[in-house]
Amino acid sequence: MSAHGTPIPMQSLAAGPLTGTADVPGDKSISHRSLILGALSIGETRISGLLEGQDVLDTAKAMRAFGAEVTDLGGGNWRVQGVGVGGFAEPDNVIDCGNSGTGVRLIMGAMATSPITATFTGDASLNKRPMARVTDPLALFGAQSVGREGGRLPMTIVGAADPVPVRYVVPVPSAQVKSAVLLAGLNAPGQTVVIEKEATRDHTERMLAGFGATITSEDSDEGRVITLTGQPELTGQTIVVPRDPSSAAFPVCAALIVPGSDVLVPNIGLNPTRAGLFETLRDMGADLTYENPREEGGEPVADLRARFSPDLKGIEVPPERAASMIDEYPILSVVAAYAEGQTVMRGVKELRVKESDRIDAMATGLRANGIEVEEAEDWWIVTGRGHGNVPGGAEVESHLDHRIAMSFLCLGMASNAPVRVDDGGPIATSFPIFEPLMASLGARIERLA
């Protein structure tokens, strides 16, 4: 069943060329952070281009519950009247974060150093996901948590009345964990230090600085050392949200595998901690070009053009690139199915604890559609069949995971037989305009319900 209702079975069929402009939604990571940092600021934050998928809308509701005034002005434009660092009020009801692991973990961090209590829950998928990776470092500040067995939602967080600053080494590459600790550090005295052995997306650091926090980042023998000075007065900002590279991945990758395609995705965020997929696709021989590179709101952006690439080659993806493209491995594996030879993906055990076990979900679905896949705990290998040789024809389970559903719908756009997914409903959590956008480019996606 879908994240928020009755299952919506879908299928995709081979189509003619995908052509035109793909105006994908705003960046989900920046959208979440814009609302949360706006709520923690003094004064008004104006946001344009906000992703209005369910995940982000759930974060907006949560910020209202903690006392911020959050107003939808229409057309992706929002206003947040913040309460300041340490100004969160205790919510009256349970905070439902739907399907969003990013939302719940960042919000937990933002409230963990205020003397308030909040209970969090989510949908069936989110309530299976581990939260100890966040609650363990939050306990170092003095916060307490009580949840279900295995550190799972529903969970109650009792914020620290007298928080202390923390020095924390992130055990696995995770921008969510890093960000939760930094947000908690905002209301702790002194300096909170986060050390990551492998760099992850740095939107939180960039945006904290933009809102007025004193934060530094430097490379050392330990890794990347991020130091935040606590108890700043953040000031409301005007934010233009760039378009989401993780959403752009789907029309881009579909264009690479559908003959004759030529698709332009304007204003894509190309933060180096997020652009690993595009680098990997180029390594495979994809016809990808960046046009009009520029900087907006402290983030590098460009217009990305993707053209049909019939001679893709399998490669070994550098493991150190995993953190910059962790959400894109499902759609990469679809491109790998249309490449010649093996595409090897290592250092990706984080995929086991996303909205679903994405390695298992993709491996099972690809095999059902005629693709050879090998997998282990921390790696998987897709043996491509080359252009025109992907059988398709199977139905796959989305496991309440938006990226699994969209990836298999893209697989069916060039396979020899249609590909079906049991439930495309979760797509609305991150990419609510996926169906009409892909249809406008020439894709054939049908609802079967």
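Every heavy atom of this structure was used, including side-chain atoms; hydrogens, water molecules and symmetry mates were not.
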So, do [X] and [Y] sit near enough that their side-chain heavy atoms are less than 4.5 Å apart?
{"X": "I36", "Y": "M63", "value": "yes"}
{"X": "E299", "Y": "D27", "value": "no"}
{"X": "L126", "Y": "C97", "value": "yes"}
{"X": "P25", "Y": "D244", "value": "no"}

How many angstroms lie between atom [atom1] of [X] and atom [atom2] of [Y], to the nearest 0.5 angstrom?
{"X": "L208", "Y": "I215", "atom1": "CG", "atom2": "CD1", "answer": "5.0 Å"}
{"X": "F408", "Y": "D422", "atom1": "CZ", "atom2": "CG", "answer": "11.0 Å"}
{"X": "E198", "Y": "S174", "atom1": "CD", "atom2": "OG", "answer": "11.5 Å"}
{"X": "M108", "Y": "T135", "atom1": "CE", "atom2": "OG1", "answer": "7.0 Å"}
{"X": "L409", "Y": "F434", "atom1": "CG", "atom2": "CZ", "answer": "5.5 Å"}
{"X": "I268", "Y": "L304", "atom1": "CD1", "atom2": "CG", "answer": "6.5 Å"}

Do the charged groups of [X] and [Y] touch, with an N to O distance under 4.0 Å?
{"X": "E328", "Y": "R321", "result": "no"}
{"X": "R358", "Y": "E350", "result": "no"}
{"X": "R274", "Y": "D327", "result": "no"}
{"X": "E222", "Y": "R167", "result": "yes"}
{"X": "K354", "Y": "D401", "result": "no"}
{"X": "R385", "Y": "E372", "result": "no"}
{"X": "R294", "Y": "D303", "result": "yes"}
{"X": "D219", "Y": "R224", "result": "yes"}

**Prompt:** Relative to the ring of F431, is the ring of F250 parallel (under 30°), tilted (30 to 60°) or perpendicular (over 60°)?
**Reply:**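 Because their plane-to-plane angle lies in the 30° to 60° range, the rings of F250 and F431 count as tilted.
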Q) Please walk me through it: do L288 and R305 pass side-chain contact (heavy atoms from CB on, under 4.5 Å)? A) CA-CA 6 Å; L288 285 182; R305 185 175 294 278; over 6 Å; no
Does a side chain donor of either [X] or [Y] reach within less than 3.5 Å of an acceptor in the other side chain?
{"X": "H203", "Y": "S29", "value": "no"}
{"X": "S179", "Y": "R33", "value": "yes"}
{"X": "N271", "Y": "T273", "value": "yes"}
{"X": "K178", "Y": "T204", "value": "no"}

**Asked** Is it true that the NZ or CZ of R282 lies under 6.0 Å from the centre of Y290's six-membered ring and within 45 degrees of the ring axis?
**Response**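 R282 over Y290 ring: yes.
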Exam field: side chain [X] to backbone [Y], donor-acceptor pair closer than 3.5 Å:
{"X": "D378", "Y": "K349", "answer": "yes"}
{"X": "S247", "Y": "V24", "answer": "no"}
{"X": "S220", "Y": "G223", "answer": "yes"}
{"X": "S309", "Y": "R307", "answer": "yes"}
{"X": "T364", "Y": "A361", "answer": "no"}
{"X": "D55", "Y": "S430", "answer": "no"}
{"X": "R129", "Y": "S100", "answer": "no"}
{"X": "D287", "Y": "L256", "answer": "no"}
{"X": "R367", "Y": "G365", "answer": "no"}
{"X": "T45", "Y": "Q237", "answer": "yes"}

F141 vs T192, test: side-chain contact (heavy atoms from CB on, under 4.5 Å). Steps then yes/no. CA-CA 10 Å; F141 289 96; T192 288; 3.6 Å; yes
Please walk me through it: do I331 and R403 pass side-chain contact (heavy atoms from CB on, under 4.5 Å)? CA-CA 8 Å; I331 189 61; R403 299 198 194 281; over 6 Å; no
Per side chain to side chain contact (heavy atoms under 4.5 Å, CB included), V335 is matched among L411, T343, L312, V252 by L312
For a side-chain hydrogen bond (donor to acceptor under 3.5 Å, both in side chains) check, start with the C-alpha distance between H32 and T102, then their side-chain angles and the critical distance, and finish with the verdict.
CA-CA 8 Å; H32 280 301; T102 298; 5.0 Å; no
So the ring-ring contact (aromatic ring centres under 6.0 Å, His included) pairs with at least one residue in residues 361-389 (sequence neighbours excluded) are F308-H387
Handout entry: Stepwise side-chain hydrogen bond (donor to acceptor under 3.5 Å, both in side chains) test for R105 and Q176
Key = CA-CA 6 Å; R105 289 175 177 138; Q176 293 176 3; 2.5 Å; yes
Q) Which is it for W78 and E52 under the side-chain contact (heavy atoms from CB on, under 4.5 Å) test, yes or no, and what are the steps along the way? A) CA-CA 10 Å; W78 290 65; E52 294 178 336; 2.8 Å; yes
Note to self: Is it the case that atom CD in E316 sees more than 12 heavy atoms from other parts of the structure closer than 6.0 Å?
What the structure shows: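 It does: E316 CD has more than 12 such atoms within range.
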